[in-house]
Amino acid sequence: MQQMNEISVKDKKFSVSISEKEIENSVKNLANRINEDYKGKEITFLGILNGSFMFASDLMKNIKNECKISFIKVSSYEGTSTTGTVKQLLGLNEDLEGKDVIIIEDIVDTGLTMKNILEILKPKKPKSVKIATLIFKPESFKEDFKVDYIGFSIPNDFIVGYGLDYDGLGRNLKEIYTLVK
Ligand code: 5GP
């Protein structure tokens, strides 16, 4: 019998690991920290598609500063060299020169995707760049940049929900679910 907190996405079983309420509280806390840190400043958010759309939306609703948002979509880094930049599928047209930018990401795993995004931003000459991620996997993180705002640090398990997908599915889930092994 399937447990109440267990679901199937495509061919795999997942169980709830972070509730809707826990996500809501964490997102509000992150927004409050950003509100404090950026007092009086205009913020330019940069959401990384597809996974961050839900987090970006909920985070931005709790921001008190004047703020803008743009989105960027990059290809998976697989097949590119670690030093090469990823392909921009939806490019960055926004003028970021002199702007205080906060990148919004759903999950930082090894950190390679984020490293490439930081490289894309460098020539745009922003005044500052910080990173907000809902989920961080410290055990698999291999890079040396600082992740400034972290919602949840989790073990090295595969998760879906709240924008995160398994093969394109599961992004609509209000909670975050972990793969049942
Ligand atoms: P990184 O470049 O940091 O290793 O990986 C980041 C990307 O890998 C994320 O943007 C996401 O697309 C994917 N990813 C890493 N871990 C997970 C996970 O547990 N679940 C899902 N759905 N995607 C993940």
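Atoms within each ligand, like the ligands themselves, are counted from 1 in listed order. None of the values given here were measured: they were computed from a predicted structure.
- Each of the following atoms of ligand 1 lies closer than 4.0 Å to a heavy atom of T113: 1 (P), 2 (O), 5 (O), 6 (C).
- Under 3.5 Å, the side chains of D100 and S128 contain a donor-acceptor pair of N or O atoms.
- Under the rule for a salt bridge (charged side-chain N to carboxylate O under 4.0 Å, His left out), the partners of K21 that lie at least two apart in sequence or sit in another chain are E24.
- For E119 and K122, the salt-bridge test passes: some basic side-chain N is under 4.0 Å from an acidic carboxylate O.
- Using the six-membered ring where Trp is involved, Y166 and F14 have ring planes that are tilted, between 30° and 60° apart.
- Between M60 atom CE and I69 atom CD1 the span is 5.0 Å, to the nearest 0.5 Å.
- The shell of residues lying under 4.0 angstrom from ligand 1, judged by heavy atoms, excludes K115.
- For ligand 1 and D157, the ligand atoms under 4.0 Å from any heavy atom of the residue are 19 (O).
- For D106, the closest heavy-atom approach to ligand 1 falls below 4.0 Å.
- Heavy atoms of K137 found under 4.0 angstrom from ligand 1 belong exclusively to the side chain.
- When only interatomic distances are considered, the shortest N/O to N/O separation between F158 and ligand 1 does not fall below 3.5 Å.
- Not a single heavy atom of G51 sits under 4.0 Å from any atom of ligand 1.
- Contact annotation: for I48 versus ligand 1, there are no heavy atoms closer than 4.0 Å.
- Atom numbering of ligand 1 starts at 1 in the shown order; those under 4.0 Å from a heavy atom of D165 are 21 (C), 22 (N).
- Checking only distances, D109 does come within under 3.5 Å of ligand 1, N or O to N or O.
- F45 is listed as a side-chain neighbour of I63, based on a closest heavy-atom distance under 4.5 Å.
- Taking each of T110, T133, I154 in turn, the one with a heavy atom nearest to atom 4 (O) of ligand 1 proves to be T110.
- Taking 4.0 Å as the cut-off between side-chain N and carboxylate O, D148 and R33 do not count as a salt-bridged pair.
- The shortest distance between side-chain heavy atoms of I131 and L118 falls below 4.5 Å.
- The shortest N or O to N or O distance between I159 and ligand 1 is under 3.5 Å.
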